[in-house]
**Student:** 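First, the structure itself, so that you have it in front of you.
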Amino acid sequence: MNDEALVLTETHGKVGLIRLNRPKQLNALSDPLMDALGEALMGFERDPNISVMVITGNEKAFAAGADITRMKDLTYSEAFNGNFISRNWEKVLKCRKPVIAAVSGYALGGGCELAMMCDTIICGETAKFAQPEVKLGIPPGAGGSQRTPRAMGKAKAMDLCLTGRMMDAQEAERSGLVARVVPADKVVEEALAMASEMANYSITALMQIKELVNQAYETPLATGLLLERRGFHAAFSTQDQKEGMSAFVEKRTPTFRGR
Ligand code: DAK
């Protein structure tokens, strides 16, 4: 393991774990860090032995946002003409396999936005979420203004984005931003357990379900329901459907093969 690397990767059975690793800067999301994260995600996405990924930071910070020192002197034309950091920020959205954000400490600005790009968020009791861009004189830039209302409704989203205040783990869970709050020192362990539970299922079913849930944000209800029905019908062409249902009837544990 190379401690100088901007991300550290490990595998735990069928789960790929990615640790953001700029601890002195509270994992501020620099361009090279986002490149490294993208490469790690795509590596696990291509790996047939991996079914689920977990992104985490360290005890103090998941990520304290985009790197302010590198944004400070940008001009409008540099940001607009250069399509400022859009290049490597959304690799997580390209993953068809489930991705879990395991948040300890700060998830601020781009850090909160990165967590929201993941499929679900699990956090420690000491986690703090915020969209503090307003304090820097800018709006959110990586989905904060769009994903917070979808996650927690307009009133909470406006509160968070317009004041820049921090939301603690309990409020984040009450608001629907996070799925589970766990003891601070158990975040990675619990996220790996959640990921391993998913990873035992059919990879085909996992990717199909992820695609369908994400469609709920993109399509009218009738279209989403039709997509779900077609996906459900198509599942009867897979060996994993036969295995899953046979195992139930035979009272044994199924072995899914992703076929
Ligand atoms: N950028 C750069 N360095 C950061 C940083 C950041 N976001 N956050 C912390 N650091 C650095 C600090 O400068 C300090 O460095 P040294 O002074 O030691 O060299 C070190 O990390 C430790 O931080 P502190 O000394 O401040 O530690 P404290 O415990 O006192 O405070 C804090 C922790 C998290 C409350 C504080 O560091 C803080 O407020 N940080 C800034 C949080 C913030 O405003 N984040 C939002 C940034 S704006 C886009 C994609 C993304 C974005 C935009 C567009 N596109 C795809 C187009 C995202 C924008 C943002 O995230």
Side-chain angles (χ1 to χ4, degrees), residues 7-20 37 40-59 62 92-104 107 114-127 151 169-170 172-174 176-217 228 231-232 234-236 238-259:
V7 302
L8 305 172
T9 59
E10 297 161 26
T11 56
H12 296 258
K14 291 192 216 167
V15 179
L17 174 66
I18 303 172
R19 293 179 195 268
L20 307 175
L37 173 61
L41 286 166
M42 290 300 114
F44 283 141
E45 179 73 8
R46 280 190 301 269
D47 186 340
N49 298 313
I50 295 295
S51 294
V52 181
M53 295 168 240
V54 174
I55 303 177
T56 195
N58 55 54
E59 226 166 83
F62 176 74
V92 65
L93 300 177
K94 305 273 181 244
C95 295
R96 298 178 72 207
K97 297 173 181 175
V99 185
I100 300 169
V103 175
S104 287
L114 173 63
M116 287 191 291
M117 284 182 212
C118 296
D119 298 308
T120 188
I121 305 175
I122 179 167
C123 78
E125 284 159 341
T126 56
Q170 286 68 29
E173 188 185 30
R174 276 199 312 277
L177 178 64
V178 310
R180 301 183 193 177
V181 180
V182 299
D185 58 347
K186 297 262 186 302
V187 177
V188 173
E189 193 180 318
E190 293 288 337
L192 288 174
M194 186 194 221
S196 301
E197 187 178 355
M198 295 176 188
N200 282 330
Y201 300 129
S202 162
I203 182 69
T204 314
L206 290 177
M207 294 197 298
Q208 204 180 22
I209 292 165
K210 167 170 173 164
E211 203 170 280
L212 287 169
V213 174
N214 282 329
Q215 280 301 318
Y217 287 96
E228 185 192 74
F232 178 77
F236 289 89
T238 66
Q239 291 176 18
D240 283 346
Q241 172 270 325
K242 298 285 174 289
E243 169 64 8
M245 294 193 183
S246 302
F248 176 80
V249 171
E250 292 159 19
K251 301 191 188 307
R252 60 176 174 81
T253 307
T255 305
F256 294 114
R257 299 187 196 287
R259 286 182 225 139

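A quick note: this is a predicted structure, and the numbers were derived from the prediction, not measured.
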**Student:** Measure the spacing between CD1 of Ile203 and CD of Gln208 and express it to the nearest 0.5 Å.
**Tutor:** 11.5 Å

**Student:** My understanding is that only residues two or more places apart in sequence, or in another chain, count here; which of them pass ring pair (Phe, Tyr, Trp, His ring centres under 6.0 Å) with Phe236?
**Tutor:** Phe232

**Student:** To the nearest 0.5 Å, what is the distance between CG on Leu17 and NE2 on His12?
**Tutor:** 5.0 Å

**Student:** Within the side chain of Lys210, is there an N or O that forms a donor-acceptor pair under 3.5 Å with the backbone of Cys95?
**Tutor:** yes

**Student:** Sequence neighbours excluded and cut-off under 3.5 Å, please list the side-chain donor-acceptor pairs for residues 49-57, or say none.
**Tutor:**
from: Thr56; atom 1: OG1; to: Ala102; atom 2: O; distance (Å): 2.8

**Student:** To the nearest 0.5 Å, what is the distance between CD (Glu228) and CD (Gln215)?
**Tutor:** 12.0 Å

**Student:** Who passes side-chain hydrogen bond (donor to acceptor under 3.5 Å, both in side chains) against Lys97, sequence neighbours left out?
**Tutor:** none

**Student:** Between Glu45 and Arg96, is there a donor-acceptor pair closer than 3.5 Å when you use the side chain of the first and the backbone of the second?
**Tutor:** yes

**Student:** For the OG1 atom of Thr255 and the CG atom of Asn200, what is their distance to the nearest 0.5 Å?
**Tutor:** 9.5 Å

**Student:** Of all heavy-atom pairs between Ala191 and Ile122, which one has the smallest distance, and what is that distance?
**Tutor:** CB-CG2, 3.7 Å

**Student:** Quick one: side-chain contact (heavy atoms from CB on, under 4.5 Å) partners of Lys186, sequence neighbours excluded?
**Tutor:** Pro183, Glu189, Glu190

**Student:** Under the rule for side-chain contact (heavy atoms from CB on, under 4.5 Å), what residues qualify as partners of Ala40, not counting sequence neighbours?
**Tutor:** Val7, Thr9, Ile18

**Student:** Atom CG of Asp119 and atom CG of Asn214: how far apart are they, to the nearest 0.5 Å?
**Tutor:** 6.0 Å

**Student:** List for me each residue that meets side-chain contact (heavy atoms from CB on, under 4.5 Å) alongside Gln170, sequence neighbours excluded, and say none if there are none.
**Tutor:** Glu125, Asp168, Arg174, Val181

**Student:** By salt bridge (Lys or Arg N to Asp or Glu O under 4.0 Å), which residues pair with Arg252, not counting sequence neighbours?
**Tutor:** Glu243, Glu250

**Student:** My understanding is that only residues two or more places apart in sequence, or in another chain, count here; which of them pass side-chain contact (heavy atoms from CB on, under 4.5 Å) with Ser202?
**Tutor:** Thr204, Ala205, Asp240, Phe256

**Student:** Give, for atom OG of Ser104 and atom CG of Asn58, the distance between the pair rounded to the nearest 0.5 Å.
**Tutor:** 8.0 Å

**Student:** Taking only residues two or more places apart in sequence or in another chain, which ones pass salt bridge (Lys or Arg N to Asp or Glu O under 4.0 Å) with Lys14?
**Tutor:** none

**Student:** Phe62 and Ala101: which non-hydrogen atoms are nearest, and at how many Å?
**Tutor:** CZ-CB, 4.2 Å

**Student:** Work out which heavy atom in Cys123 is nearest to a heavy atom in Val187; give both atom names and the distance.
**Tutor:** C-CG2, 4.0 Å

